[in-house]
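Since the structure comes first, as structure tokens, the remarks are kept for the end.
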Number of protein chains: 2
Amino acid sequence: MMREGVDAVTMRSVASACGVTPMAIYSYYDSSAEMRRAGVDFSLRRVRTPPFEGSVVSRLQHWGHATRKVLRRRPDLAAICLTDWPELPEGCRVMEGLLVVAAEHTAESAGQVQIANTVFVYVLTRVIAERAMVERRTRPNLPAVAATPRRFARLVDVQSEFKRLDVDRDFATGLDALLDGLLR
Amino acid sequence: MMREGVDAVTMRSVASACGVTPMAIYSYYDSSAEMRRAGVDFSLRRVRTPPFEGSVVSRLQHWGHATRKVLRRRPDLAAICLTDWPELPEGCRVMEGLLVVAAEHTAESAGQVQIANTVFVYVLTRVIAERAMVERRTRPNLPAVAATPRRFARLVDVQSEFKRLDVDRDFATGLDALLDGLLR
DNA sequence: ACCTGAACACCGTTCAAGT
DNA sequence: ACCTGAACACCGTTCAAGT
């Protein structure tokens, strides 16, 4: 079975790593979920706030690319971030940074939240989706299509294209289009 | 702890529901992951293929809204779909449907894949992200901000706006912008 | 082919007890 | 406040055995 990523940090695994009994951890965290969150929060320190110079668009662009780079190798982190950032001090720090930039584009708080949140969610969900695409590449593929190719005419034709998807370019163009629409 | 959604369908839980020993299930599935996938595949039958009438844009739009409606209440399903659709017969069926529509826009298979995949991924990731936002609404919020409000000036200002995010409108405008950029 | 039963190596968490 | 130890209710999976 072999757990990986944050799934590998369990009460029992960190307890034994610390040379301590699992129950000792309850003195510091109320539950395994809270302990895991603390670990994610720590890792999130590698995510920087947007740069201070440049236009709003370019600052958000740079932040997006830089953040993607950091989270790419830990997509499980991105998933937890998506749901739990308000619980995480570092998550709030990142969101604060995005809001500061957004505030330069509009004075309305609703607009600021829409900009900051959309950009944050875009980067996080792209990282999650890209992970899925990359894993798809390395797997033997489409057993259902192999079994009954008649039902999947188009899929048979384009099957190999899925392995060639350019995630870097798609991320960039998607982000550009998003910022364009958001800050029109 | 209380598992929910697909996490609740475990070897042992379905075994006892079937009045059978956990080991009996290994006669049908090689692992718990495969059994879970079969369950997800079954649920996916509620996702329809795009309609046959209308422009390419409107057909993809309709599909997006309809699919979101189905998956909204089962976001855990969306997450598995994102990574495992090629393994799922029903996942392939849905992708085939999208490719058929995309083929009417361009003859190049690379372009077809980009359109079908982007739309599919958009809907799935939005469903996942929306779940996170909705859960955020019901939770007591931002403990880090409450502890040191000085560090989060903008977040303090706009905090309540996060609970007012209009996920329906954001989904629609995001999809429109995406299709616009994709099929320009 | 399909199923059982006992076992192993894991989880999180509670409870009572120690310092 | 911090930690232990035993216990409980879960997981998935292996192995040997039965029909």
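Lettering of chains follows the sequences in order, A, B, ..., and the numbering in each one begins at 1.
Counted by atom type alone, B:Arg74 and B:Ser43 present one or more donor-acceptor pairs between their side chains at under 3.5 Å.
Regarding B:Tyr29, its OH atom lies at a distance of 14 Å from the P atom of D:dG12, rounded to whole Å. For A:Asp30 and D:dA1, the CG to P distance is 14 Å, given to the nearest whole Å. Atom CG in B:Asp7 sits about 14 Å away from atom C1' in D:dG12, given to the nearest Å. Between the P atom of D:dA1 and the OH atom of A:Tyr26 lies a distance of 19 Å, rounded to the nearest Å.
A 6.0 Å sphere centred on CD of A:Glu135 holds more than 12 heavy atoms belonging to other residues, nucleotides or ligands. The local environment of NE2 in B:His62 is sparse, with at most 12 non-hydrogen atoms from other residues, nucleotides or ligands closer than 6.0 Å.
Applying the Watson-Crick and G-U wobble criteria (two distances, each under 3.5 Å), C:dG5 pairs with D:dC15.
Put simply, B:Ser31 has no side-chain N or O that comes within less than 4.0 Å of OP1 or OP2 on D:dG12. A sub-4.0 Å separation between OP1 or OP2 of C:dT13 and a side-chain N or O of A:Ser32 is present. Remark: A:Tyr28 is not in phosphate contact with D:dC2, judged by side-chain N or O atoms under 4.0 Å from OP1 or OP2.
Ring planes of A:Phe171 and A:Tyr122: tilted class, angle from 30 to 60°.
Of the residues in residues 9-23 of chain B, those lying under 4.0 Å from DNA chain D by heavy-atom distance are B:Thr10, B:Met11, B:Arg12, B:Met23.
In summary, B:Asp168 and B:Arg68 engage in a salt bridge, as defined by a charged side-chain N under 4.0 Å from a carboxylate O.
Remark: the backbone N or O of A:Arg169 is paired with a side-chain donor or acceptor of A:Asp166 at under 3.5 angstrom.
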